[in-house]
Amino acid sequence: MPELPEVEAYRRLAEATALGRRITAVEAPDPWFLKGGLAAAEVVAALVGSRLVAARRRGKLLVLDTDRGRALGLRFGMTGRLVVDGTAGVGRLLYTSGRDDPGWDRFALRLARGGRLRVNDPRRLGGVVLDPDEEALGPDARSATAAQLGAALAGSAAPLKARLLDQTRLAGVGNLMADELLWRAALLPTRPAASLLPAEGRRLHRELRRTVELLIERGGSHLGDLIPHRLPGGTCPRDGTPLRRATVGGRTTWWCPSHQR
DNA sequence: ATTGTGGCCTGCCCGC
DNA sequence: TGCGGGCAGGCCACAA
């Protein structure tokens, strides 16, 4: 599903194909997809006639800046895909259809010379905002320093995984990447966030950086080494131990009871 | 403030 | 063969 690696792929797609192009029209057929009471007419007034000048990402939020100072914020939920001129930002997403049904196009920008930038989202869990509050998000997981990661975990009795998923503390880690990261860092998801020893904190930061880069390179949050084994009967690909499954931080969580401590 | 829970959304998969 | 129930998780509202 769209976590940091997928949204980074969307960002690169938008940057490569849409920058410099003028917005000629806005298609907003689904009022539900416009968040915070936003009206389609407001989006039209803010964007039509302007030109896309930057494609940025913070966590799972994609921000498209225009030359008139307004910014479009796109969220992809669990099943949202970005498609520009018929080219999709990623191949497959886990937990969703492989089809590209036009009826699932929830929002689109028509671009000069006949192109289209659209969000195709079967489950409608994504959304659109104008001038998103980027400061409400924590530091981006790709560039977070060890000190920033430490601050995100400090003083918290919540499960480590819950804190990693808290987008206001650290932006970009979703459920699949959290399981992959903790498996690689050999840390139990249920550990109190503030219980990490200094060496464990350094290890978590090192594995966060590595995991994010690896999954961006592979092209998806579901392309980790643990993820294929997150199934009933699955075993740890490192040591063969049967994986455990439970709900942690409100999400289905899989881990190796042997090497994750 | 912190932490946990439930609901939203809907395509897909499993068992009957 | 069709049907119904459960499942997936990002995000938000709400409660304790």
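Letters A, B, ... mirror the listed sequences (proteins, then strands); counts begin at 1. The analysis underlying the following values was restricted to heavy atoms, covering all of them including side chains, and did not include hydrogens, waters or symmetry mates.
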- Of A:R251, A:K161, A:R184, which is the lone residue that meets side chain to side chain donor-acceptor pair (under 3.5 Å) with A:D179?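 Only one of A:R251, A:K161, A:R184 forms a side chain to side chain donor-acceptor pair (under 3.5 Å) with A:D179, namely A:K161.
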- Message: Counting the atoms with a prime plus P, OP1 and OP2 as sugar-phosphate, which does A:P192 contact under 4.0 Å by heavy atoms, base, sugar-phosphate, or nothing?
- Response: nothing
- Message: Does A:A162 reach a base, just sugar-phosphate, or nothing at all? Heavy atoms under 4.0 Å.
- Response: nothing
- Task: Would you mind telling me which of A:R56, A:K60, A:R209, A:R57 makes a salt bridge (Lys or Arg N to Asp or Glu O under 4.0 Å) with A:D140?
- Result: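 So, applying the salt bridge (Lys or Arg N to Asp or Glu O under 4.0 Å) to A:D140 and each of A:R56, A:K60, A:R209, A:R57, only A:R57 qualifies.
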Taking N or O atoms only and anything under 3.5 Å, show me the protein contacts with nucleotides 14-16 of chain B, one pair per line.
none

- Task: Could you say whether A:R99 or A:W32 is positioned toward the 5' end of DNA chain B, judged by the nucleotide with the nearest heavy atom to each?
- Result: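 Looking at the nearest nucleotide for each, A:W32 comes out on the 5' side.
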Applying the 4.5 Å side-chain criterion to the ILVMFWY set and letting contacts propagate, would [X] and [Y] be lumped into a single cluster?
X: A:M177; Y: A:W254; answer: no
X: A:M78; Y: A:I227; answer: yes
X: A:L64; Y: A:L82; answer: yes
X: A:L243; Y: A:L182; answer: no
X: A:L149; Y: A:L215; answer: yes

- Would you name the heavy atoms of A:A185 and A:R203 that are closest together and state the gap between them?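 The answer is O-NE, 2.8 Å.
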- Query: Can you name the nearest heavy-atom pair linking A:E6 to A:S221, along with the distance?
  - Reply: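 Closest approach of A:E6 to A:S221, heavy atoms only: OE2-N, 2.7 Å.
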- Message: For a quick check, with a 4.0 angstrom heavy-atom cut-off, what is the B/S/- contact string for nucleotides 10-16 of chain C, read 5' to 3'?
- Response: BB-----
- Query: For DNA chain B, which residues in residues 130-147 of chain A have a heavy atom at a distance below 4.0 Å?
  - Reply: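 Output list: empty, so none.
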- Message: Any residue in residues 101-108 of chain A with a heavy atom nearer than 4.0 angstrom to DNA chain B? Just list them by number, or reply none.
- Response: A:W104
A side-chain contact here means heavy atoms from C-beta on lying under 4.5 Å apart; do [X] and [Y] qualify?
X: A:E3; Y: A:L176; value: yes
X: A:R142; Y: A:I216; value: yes
X: A:P189; Y: A:Q260; value: yes
X: A:E217; Y: A:E213; value: no

Mind calculating the distance between [atom1] ([X]) and [atom2] ([N]) to the nearest angstrom?
X: A:L231; N: C:dA8; atom1: CG; atom2: P; answer: 11 Å
X: A:D121; N: B:dC12; atom1: CG; atom2: P; answer: 13 Å
X: A:L160; N: B:dT3; atom1: CG; atom2: P; answer: 12 Å

- Considering only side-chain heavy atoms of A:P159, which listed nucleotide, B:dC12, B:dC9, B:dG4, is closest?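 In terms of side-chain proximity for A:P159, the closest of B:dC12, B:dC9, B:dG4 is B:dG4.
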- Item | Donor + acceptor pair across side chains of A:D166, A:T168 (<3.5 Å) | yes
- Task: Could you point out which residue of A:V129, A:L117, A:L109 forms a side chain to side chain contact (heavy atoms under 4.5 Å, CB included) with A:L72?
- Result: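 Passing option: A:L109.
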- Message: With a sphere of 6.0 Å drawn around CZ of A:R244, does it hold more than 12 non-hydrogen atoms of other residues, nucleotides or ligands?
- Response: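 No, because the 6.0 Å sphere around CZ of A:R244 holds 12 heavy atoms or fewer from other groups.
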At less than 4.0 Å, is any side-chain N or O atom of [X] found next to OP1 or OP2 of [N]? Yes or no.
X: A:S156; N: B:dT3; value: yes
X: A:R169; N: B:dT2; value: yes
X: A:R230; N: C:dA8; value: no

- Measure the angle between the two terminal helix axes of the helix from B:dT2-C:dA16 to B:dC16-C:dG2, five base pairs each, and quote it to 10°.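 Here the local axes at opposite ends form an angle of 40°.
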- Query: Ion pair present between A:R191 and A:E200, side-chain N to carboxylate O less than 4.0 angstrom?
  - Reply: yes
- Query: Are the side chain of A:D30 and the backbone N or O of A:R106 linked by a donor-acceptor pair below 3.5 Å?
  - Reply: no
Identify the pairs formed between an N or O of the protein and an N or O of nucleotides 4-7 of chain C at a distance under 3.5 Å, and give each distance.
none

- Item | From A:N120 atom CG to A:R99 atom CZ, the distance as rounded to the nearest 0.5 Å |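 A:N120 CG to A:R99 CZ: 10.0 Å, rounded to 0.5 Å.
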